[in-house]
Amino acid sequence: MFTDFISLADLSRAEIEDLLDTADDLKRKQHAGEVYQPLRGQTLAMIFEKPSLRTRVSFEVGIFQLGGLGVVLESGQIRLGQRESVPDAARNLERWVDGIMARTFSHESVVELAEYATVPVINALTDKLHPCQVLADVQTIREHKGEDFSKLKLAFVGDGNNMYASWLNFASRIPMNVALVCPPGYEGDPEIYAAAKKDTMGEFTVTQDVAEGLADADVVYTDVWASMGQEEESADRIKAFAPYQVNADLMAKAKPDAVFMHCLPAKRGQEVTNEVIDGPQSIVFDEAENRLHAQKAILLRLMNRGDDGLCPKARARRTNGATA
Ligand code: CP
Ligand code: NVA
């Protein structure tokens, strides 16, 4: 059972499917105008070491819609590991709030927050992973392509970054065919690739050949060439990734009914052209909307209290004999 949300690889297939079904249900409720507030009176600390539009707004609105309150801590406020240690920050926050969402540079910071805080911790992007985005993206793919992921191929075009790693984690739980199409040297974290490959029946390929990678793709996914924190590498990356721009020619190499996806923000004219991102195959704003519903499902599963008054993490710690 997951009691924090750090990586999709920590969840079972059934747990991921439950989150997706819950997200669909929460979306239906929201669209029907139903007020649903099972987290009334609960508070979520939202730590940001990096900028954000989608994550900030969707989590703050999401916790509010569920009856709770988000407390935003902008970059420079806590200065994890500098102004005070990660364990000390965790042991303070848990005295006031019922959950912590964190977007950090170092993945270790989120792991350490989860280790030391008695309240649940949600990874809202680190240098290594962005699982909330993939959960929302999977909800979106189910809406457009159905639920049988074993029949789907996703071509991830560009950097083997935190988004690609999160897709590998997902496909290690719910098998699908994932092809990374990238220039040499940008294949990403070999450990995540090896672990996913070991765990799954899904097919993973890595290729520099655009035609090979895009062949039979149902989903064409891309992301910025330089992630947050890599701005100094931008000029080199623009040169390396230029042949991998998702434009009309590249899209034509995928299936005719392929969808185009991007976690956003996009650098229009770099990794994707206006023609594609604004074109009929693009579902990028459906993905953005589903951040709200998918994350509300995560908040609900992690923070909802049972008849004993405890959330799953506190209950698990009590059962294991640790302080809750
Ligand atoms: N996709 C995403 O996480 O967007 P933000 O960086 O704006 O939160
Ligand atoms: N790979 C990007 C994702 C942004 C949502 C980054 O880390 O900046």
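Residues take their numbers from the sequence shown, with the count starting at 1. As a basis for the values below, the full set of heavy atoms in this structure was taken, side chains included, without hydrogen atoms, waters or symmetry mates. Atoms within a ligand are numbered from 1 in the order they appear, just like the ligands themselves.
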Task: Salt-bridge present (E17, R13; N to O < 4.0 Å) - done: yes
Task: R318/D308 ion pair, N-O < 4.0 Å - done: no
So, regarding [X] and ligand 2 (criterion: nitrogen or oxygen to nitrogen or oxygen, under 3.5 Å), is there a contact or not?
{"X": "D223", "value": "yes"}
{"X": "S227", "value": "yes"}
{"X": "M228", "value": "yes"}
{"X": "N162", "value": "yes"}

Open item on the list: Distance under 4.0 Å, heavy atoms only, partner ligand 1: which residues pass?
Closed with: S52, L53, R54, T55, R103, H130, Q133, C263, L264, R291
- [ ] Would you mind telling me which of D21, D137, D286, D148 makes a salt bridge (charged side-chain N to carboxylate O under 4.0 Å, His left out) with R142?
- [x]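 By the salt bridge (charged side-chain N to carboxylate O under 4.0 Å, His left out) criterion, R142 pairs with just one of D21, D137, D286, D148: D21.
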Task: L73: hydrophobic cluster co-members (side-chain, 4.5 Å) - done: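 Hydrophobic cluster check, L73: joined to I6, I47, I78, L80, V86, L93, W96, V97, I100, V110, V111, L113, V119, V121.
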Polar side chain donor-acceptor pair, [X] to [Y], under 3.5 angstrom:
{"X": "R317", "Y": "T118", "value": "no"}
{"X": "Q230", "Y": "N161", "value": "no"}
{"X": "S58", "Y": "Q295", "value": "yes"}

Open item on the list: Among all the protein's non-hydrogen atoms, which is closest to atom 5 (C) of ligand 2, and how far away is it?
Closed with: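 Checking every protein heavy atom, the shortest distance to atom 5 (C) of ligand 2 gives L264 O, 3.6 Å.
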TODO: Check each atom of ligand 2 against the heavy atoms of L125 and keep those under 4.0 Å away; list them by number with element.
DONE: 3 (C), 4 (C), 5 (C), 7 (O)
TODO: Using the side chain to side chain contact (heavy atoms under 4.5 Å, CB included) rule, pick out the option among W225, Y244, F241 that qualifies with Y186.
DONE: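 Going through W225, Y244, F241 one by one, the side chain to side chain contact (heavy atoms under 4.5 Å, CB included) with Y186 is satisfied by F241 alone.
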Task: Aromatic contact, W167 with Y164 (centres under 6.0 Å) - done: no
